[in-house]
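Please read all numbers here as calculations on a predicted model, not as lab measurements.
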Amino acid sequence: MIAVGLDIGNATTEAVLASVVDRAIRIIGYDRVPTRGAKGSPASLDGAARLVRRLERGYGCRVEAAVVAPLRPVTTRATTLPEPAVHTGRLRLAGAGSGTAGGQGSGIAPPFPVGTGAPLPDAPVVAVVPAHLGYREALPELRALLTRGVLAAVVAARDEAVLLANRLGQPVPVVDEVDGDRLVRARLLAVEVRTAGQPLRLLTDPVRLAAELDLDAAGRADAVRLAGLLQDRSNAVVALDGSPSPQPAAPAAWVPPEPVDDLYTVDLAALADAVLARRGAMHSRTRILAALHADPPYPDPGADLAQRLGIAVHTASSEAAAARLGGLSTPGAGPDTAVVDLGGGTIDVVTATGSAVVAGAGEMLTVATAAMLGTTRAAAEWAKRGPAYRVEGPQILLAEDGSRTFLDRPLGTDAVGSLVTAGPGGWLPFDRGLAPSEWRALRLRLKSVVLGENVARALRGLDQVPSTVVVVGGPAGDDEVLACVGRALPAGT
């Protein structure tokens, strides 16, 4: 008898074609396609039926029976929550990390609006150049302030910091792309510019900043919180206002629109801080959530598939049981082995005595990768998989371990400076802000949190600690995932 086993998952649908004679099974072939619609939906069953027909055509046979597992309608949602606001009291971060800052040094002084015709001051000021004033119109007044020895720093609204700094002739800190409307109402402005890649010294030193601004105890605590926001920045503008800003409202907790059996979250900010990633290296430091929605009972797809295929369709006892039977066919797996099925939406852990299903798996890894890189899910699907390289030249790739690879064919000049990974059509560029080693640290930490720690969480819900674990499912094809899961298991597993 020719039979087919079907696994309709959240992300992909797999089919294995086999010949069954006297309970002996001989594998003929297998195939898989992306799951259409939600798992368990009519569209997903239509896709499974088409996959069976494709196998029949490919191997020139007629399927006489099929086996499928019960399909629980699972919806795994990945939702990005806003990063909580940091309250810094009277200190207000007006701008940080401008890519075109000019000059060098730091300055603290009251703001002075340029272009208003106000008399020139005799004490140090921070010149504020409004958006309607170009660098040519602002330069005469700035040079006059510089001649009087009172120009402590310059803050400009337009992207003209380098033009201003080069024409002033002295290392005055100049930060651009900062809205000056609110700055002119501040009591004091603190401006600092360091060489690109070098950390700030004044604004990240709460003791010194508190002394320079004459802050009280509450203000010193605000300076500490401000310093945390300025890590890995090379320029910034901080305003000291007359009264503290309103306490930001705590972000509303995300409430699932439907009852859930399990909810798993990953804090990208905490993940980045754990590997000491540069503050501005990631595009998102928010939270990613995956929810396993409660929707019993478990539907039996046998009758619907039988109607589509015109053959007998048998339903296994459960997906977990089917995963265990498949996993235990691995040579060396004993009866006390736990099978871990890494899917697109859930992780299933099953032993001889029980099973656990938790939310968060391959799809959550993809969504988190896309958020960190600021790219599409399609690109993140490939970027998450393994080692990346930075294009040093059209034919030179810098690997994550510092070694260099030389290509037979040059890449386009637009790829130079980008991280690339092997994609479906060749080298796929996906980021310019991260170093190869930095992306490796973030990627491995993400896999450890999303999959490794989640597997350990599922195992904690079981009665026994397995001595052996066999990992199956799509993400199991990633060697880095296996290592991350292994590190999360008890010693000796």
Query raised in the report: Side chains of Thr12 and Glu14: closer than 4.5 Å at any heavy-atom pair?
Result: yes
- Query: Should Leu289 and Leu263 be marked as a side chain to side chain contact (heavy atoms under 4.5 Å, CB included) after you check the CA-CA gap, both sets of side-chain angles, and the distance that decides it?
  - Reply: CA-CA 7 Å; Leu289 300 94; Leu263 180 66; 4.3 Å; yes
Between Ile8 and Lys39 the two heavy atoms that sit nearest each other are O-CE, 3.2 Å
Fill in: Heavy-atom check, side chain of Arg62 versus side chain of Ile2, under 4.5 Å
no
Heavy-atom donor-acceptor pair, Ser234 side chain to Gly197 backbone, under 3.5 Å:
yes
Between the CG atom in Asp31 and the CG atom in Leu17, the distance rounded to the nearest 0.5 Å is 10.5 Å
Here the pair of heavy atoms bringing Ala272 nearest to Met282 is CB-SD, 3.3 Å
Separation between OG1 (Thr346) and CG (Asp348), nearest 0.5 Å, reads 4.5 Å
Less than 4.5 Å apart, any side-chain heavy atom of Leu407 and any of Trp427? yes
Query raised in the report: Near Arg308 CZ, under 6.0 Å, is it more than 12 heavy atoms from other residues, nucleotides or ligands?
Result: yes
Does CZ belonging to Arg194 count more than 12 external heavy atoms closer than 6.0 Å? yes
Minimal heavy-atom distance between Pro70 and Ala316, with the atoms involved, is CD-O, 3.2 Å
For Gly47 and Val33, the nearest pair of non-hydrogen atoms, with its separation, is O-CG2, 4.5 Å
Taking C-beta and beyond as the side chain, do Asp431 and Thr375 meet within less than 4.5 Å on heavy atoms?
no
Glu400 and Gly386 have their tightest heavy-atom pair at OE2-O, 4.4 Å
Where do Glu392 and Arg390 land on the salt bridge (charged side-chain N to carboxylate O under 4.0 Å, His left out) test, with the steps shown first?
CA-CA 6 Å; Glu392 298 286 275; Arg390 184 170 64 201; 2.9 Å; yes
Output for pair (Glu453 CD, Arg487 CZ), nearest 0.5 Å, gives 11.0 Å
Between the CE atom in Met372 and the CG atom in Leu446, the distance rounded to the nearest 0.5 Å is 4.5 Å
One should read off an interatomic distance between Leu373 CG and Ser284 OG, to the nearest 0.5 angstrom, of 10.5 Å
Check: With side chains defined as the heavy atoms from C-beta onward, is the minimum distance between Arg57 and Arg53 less than 4.5 Å?
Finding: yes
Using a strict threshold of under 4.0 Å (side-chain N to carboxylate O), is an ion pair present between Asp401 and Arg440? no
Handout entry: Backbone N/O of Leu200 and side chain of Glu192: donor-acceptor pair under 3.5 Å
Key = no
Go through it in stages, so that I can follow the logic: the residues are Leu419 and Thr421, the test is side chain to side chain contact (heavy atoms under 4.5 Å, CB included), and I'd like the CA-CA distance, side-chain angles, deciding distance and then a yes or no. CA-CA 7 Å; Leu419 287 182; Thr421 190; over 6 Å; no
query = Are more than 12 heavy atoms from other residues, nucleotides or ligands located less than 6.0 Å from atom CZ of Arg278?
reply = yes
Stepwise side chain to side chain donor-acceptor pair (under 3.5 Å) test for Ser98 and Asn235:
CA-CA 7 Å; Ser98 171; Asn235 60 79; 4.7 Å; no
Measure from the side-chain N and O atoms of Arg377 to the backbone N and O of Thr366, and report whether any donor-acceptor pair falls under 3.5 Å.
-> no
| message | Keeping Thr88 on the side-chain end and Leu91 on the backbone end, is there a donor-acceptor pair under 3.5 Å? | response | yes
*asked:* I'd like to check Val63 versus Leu55 (side-chain heavy atoms, cut-off strictly below 4.5 Å). Are they in contact?
replied: no
Between Arg432 and Val416 the two heavy atoms that sit nearest each other are NH1-O, 2.8 Å
### Query
Can you check whether Val357 reaches Asp262 side chain to side chain, under 4.5 Å on heavy atoms?
no
I'd like to know if Asp46 and Arg36 make a salt bridge, using a cut-off of under 4.0 Å between side-chain N and carboxylate O. no
Hey, is the main chain of Ala368 close enough, under 3.5 Å, to the side chain of Lys384 for a donor-acceptor pair? no
- Item | Pair Phe430 and Trp382, ring centroids less than 6.0 Å apart | no
Rounding to 0.5 Å, atoms CG (Leu226) and CG (Leu230) come to a distance of 4.5 Å
Using only atom types and a distance under 3.5 Å, with no angle test, would you say the side chain of Thr351 pairs donor to acceptor with the backbone of Ala338? no
- Message: Please determine whether side chain to side chain contact (heavy atoms under 4.5 Å, CB included) holds for the pair Lys447 and Asp478, giving the CA-CA distance in whole Å, both sets of side-chain angles, and the decisive distance to 0.1 Å.
- Response: CA-CA 10 Å; Lys447 291 178 179 179; Asp478 184 336; 2.6 Å; yes
Over 12 non-hydrogen atoms of neighbours within 6.0 angstrom of CZ in Arg158: yes
Exercise for review: Step by step, work out the side chain to side chain contact (heavy atoms under 4.5 Å, CB included) result for Glu319 and Asp7.
Suggested key: CA-CA 8 Å; Glu319 272 192 305; Asp7 180 8; 3.9 Å; yes
Check your understanding: Is there side-chain contact between Leu411 and Leu397, with heavy atoms separated by less than 4.5 Å?
Key -> yes
Q.
Less than 3.5 Å apart, any donor N or O on the side chain of Asp336 or Ser467 sitting next to an acceptor on the other?
A. yes
**Q.** Whether Asn454 side chain and Ala359 backbone form a donor-acceptor pair below 3.5 Å
**A.** yes
